[in-house]
Amino acid sequence: MNHWLLKSEPSTWSWHQQCQVASEPWTGVRNYQARNFLKAMRLGDLAFFYHSVTDKKIMGIVEVVQEFYPDPTDEKLQFVCVDVKATASLKVPVSLAQIKADPRLENLPLIRQSRLSVMPLSKKEWDILCKLGKTEINESDHI
DNA sequence: GCCAACGTTGGC
DNA sequence: GCCAACGTTGGC
């Protein structure tokens with residue numbers, strides 16, 4: 001199973017909103033690199049939900065509940081989206097400053113390539129971030 | 001609100 | 001196919 005990080009501007013789609021719906025199509029990605037990552041997501045993969053711009057914090061964890069299909073908001077149907085469902089709020093949101101301060105996380109695309117909105121994480125990076133968020137996820141529930 | 005980074009577009 | 005111009009993202 002793979003691990004990911006998804007960015008959203010809270011003014012566009014917030015973690016709070018995500019928690020109030022059963023699942024949500026992750027639409028609006030218009031970058032080819034990000035699209036390829038969306039296509040690589042599999043049912044049950046987990047992703048961090050990151051608030052960009054104003055908050056700059058990882059807020060929670062979502063699970064992929066529908067693999068990629070054409071993004072209905074893209075007229076040319078060149079881009080894709082997946083559906084994600086909130087599975088856990090981080091007990092302590094992890095801030096960008098914290099991530100930058102941790103040398104183990106210096107290779108995160110979040111830092112190296114700040115404009116990428118969908119990115120893969122290694123299992124190691126995932127575990128470090130879960131720990132920083134004081135949150136445990138039982139991955140056996142999500143195979 | 002500014003600006004650096006960077007992806008995309010279009011003229012040549 | 002190159003590259004200048006332009007638009008967008010996102011941190012500060």
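The figures here come from the full heavy-atom set of this structure, side chains too, leaving out hydrogens, waters and symmetry mates. First the proteins, then the strands, lettered A, B, ... as listed; each starts at 1.
At distances below 3.5 Å, at least one donor-acceptor pair connects side-chain atoms of A:Asp45 with backbone N or O atoms of A:Asn2. Side-chain atoms of A:Thr87 come within 3.5 Å of backbone N or O of A:Ile61 as a donor-acceptor pair. For A:Asp55 (side chain) and A:Lys57 (main-chain N/O), no donor-acceptor pair under 3.5 Å exists by modelled atom type.
The nearest whole Å value for the distance from the NZ atom in A:Lys7 to the P atom in C:dT8 is 17 Å. Nucleotide B:dT9 holds its P atom 9 Å from the CD atom of A:Gln78, rounded to whole Å. Rounded to an integer number of Å, the gap from A:Leu110 CG to C:dC12 P is 10 Å. Rounding to whole angstrom units, CG of residue A:Leu96 and P of C:dT9 are separated by 18 Å. In this structure, A:Ile111 places its CD1 atom 10 Å from P of C:dC12, rounding to the nearest Å. Nucleotide C:dG10 holds its P atom 14 Å from the CD1 atom of A:Ile99, rounded to whole Å.
Neither OP1 nor OP2 of C:dG10 sits under 4.0 Å from any side-chain N or O of A:Lys56. Contact annotation: A:Tyr50 does not reach the phosphate of C:dT9 (side-chain N/O to OP1 or OP2, under 4.0 Å).
Taking the six-membered ring where the residue is Trp, the centroids of A:Trp26 and A:Phe49 are separated by under 6.0 Å.
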Listing time: all N or O pairs from protein to nucleotides 2-7 of chain B that are below 3.5 Å?
{"from": "B:dA5", "atom 1": "N3", "to": "A:Arg115", "atom 2": "NH1", "distance (Å)": "3.1"}
{"from": "B:dC6", "atom 1": "O4'", "to": "A:Arg115", "atom 2": "NH1", "distance (Å)": "3.3"}
{"from": "B:dC6", "atom 1": "O2", "to": "A:Arg115", "atom 2": "NH1", "distance (Å)": "2.2"}

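Tested against A:Val62 for a side-chain contact (heavy atoms from CB on, under 4.5 Å), the candidates A:Phe48, A:Trp4, A:Trp15 yield a single pass: A:Trp15. Screening A:Asn36, A:Leu38, A:Asp74 for a side-chain contact (heavy atoms from CB on, under 4.5 Å) with A:Val80, the sole residue that qualifies is A:Leu38.
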